[in-house]
Engineer: 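Sending over a structure as structure tokens; questions will come in a sec.
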Amino acid sequence: MNAMAKGMAHISFTGGSMFLPVRNLYDRQLLLEHVGERVRAKGQVQVLMGDRLWMVHRNRGPGAAHCASCGLAATTACYSRGCEGACYCVACALEDDVEPV
């Protein structure tokens, strides 16, 4: 796995991919919106930011996972290698300073 340039995110999904800047809070909000839209449309999205690769899935059903960072139910579950199966909500996962549990 290669690292993504600082300040950029690569979102890939079935049928395409896109690069988005993530240099400030506005960029970060746009990233969250794009990821949410793609997950709803495709079911699964891969996000590469810095040296972290996230697999983002829709969480369906009553047994929704809870975020390992904020503890809220994660309707969109994010998993990363090195996090030992811990689930994060998309907002916590795509923050700059997320540390593995």
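One-based numbering along the sequence shown. The analysis underlying the following values was restricted to heavy atoms, covering all of them including side chains, and did not include hydrogens, waters or symmetry mates. None of these values were measured; they are calculated from a predicted model.
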Engineer: Considering all heavy atoms of both residues, which atom of Arg23 and which atom of Gly7 are nearest to each other, and what is their separation?
Structural biologist: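 Heavy atoms only, the tightest pair is CG-O, 3.8 Å.
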Engineer: Does some side-chain heavy atom of Cys78 sit less than 4.5 Å from a side-chain heavy atom of Met55?
Structural biologist: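 The answer is no, as the side chains (C-beta and beyond) never meet within the 4.5 Å cut-off.
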Engineer: What pair of heavy atoms forms the shortest contact from Cys67 to Ala74, and how long is it?
Structural biologist: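 In terms of heavy atoms, the two residues are closest at N-CB, 4.4 Å.
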Engineer: Test of understanding: with side chain to side chain donor-acceptor pair (under 3.5 Å), list the residues that count as partners of Ser80, not counting sequence neighbours.
Structural biologist: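 Per chain and number, Ser80 pairs via side chain to side chain donor-acceptor pair (under 3.5 Å) with Arg52.
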Engineer: Out of curiosity, does Met18 fall in the hydrophobic cluster containing Val90 (side-chain heavy atoms, cut-off under 4.5 Å, transitive links)?
Structural biologist: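 Hydrophobic grouping puts Val90 with Met18.
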Engineer: Does Ile11 share a hydrophobic cluster with Tyr79, counting links as ILVMFWY side-chain heavy atoms below 4.5 Å and allowing steps through other members?
Structural biologist: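 No, it is not one cluster - the side chains of Ile11 and Tyr79 are not joined through contacts under 4.5 Å.
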Engineer: If you round to the nearest 0.5 Å, how far is OG1 of Thr75 from CZ of Arg58?
Structural biologist: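 Between Arg58 CZ and Thr75 OG1, I get 11.0 Å after rounding to 0.5 Å.
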Engineer: My understanding is that a hydrophobic cluster links ILVMFWY residues whose side chain heavy atoms are under 4.5 Å apart, including indirect links. Using that, what else belongs to the cluster containing Tyr26?
Structural biologist: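 Hydrophobic cluster check, Tyr26: joined to Leu30.
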Engineer: Using atom types as modelled, flag every donor-acceptor pair under 3.5 Å from a side chain in residues 32-50 to any protein atom, sequence neighbours excluded.
Structural biologist:
| unit_1 | atom_1 | unit_2 | atom_2 | d |
| --- | --- | --- | --- | --- |
| Glu33 | OE2 | Gln29 | NE2 | 3.4 |
| Arg40 | NH1 | Gly36 | O | 3.3 |
| Lys42 | NZ | Thr14 | O | 3.3 |
| Gln44 | OE1 | His57 | ND1 | 3.3 |

Engineer: Would you name the heavy atoms of Gly71 and His66 that are closest together and state the gap between them?
Structural biologist: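 Heavy atoms of Gly71 and His66 come nearest at O-CD2, 3.3 Å.
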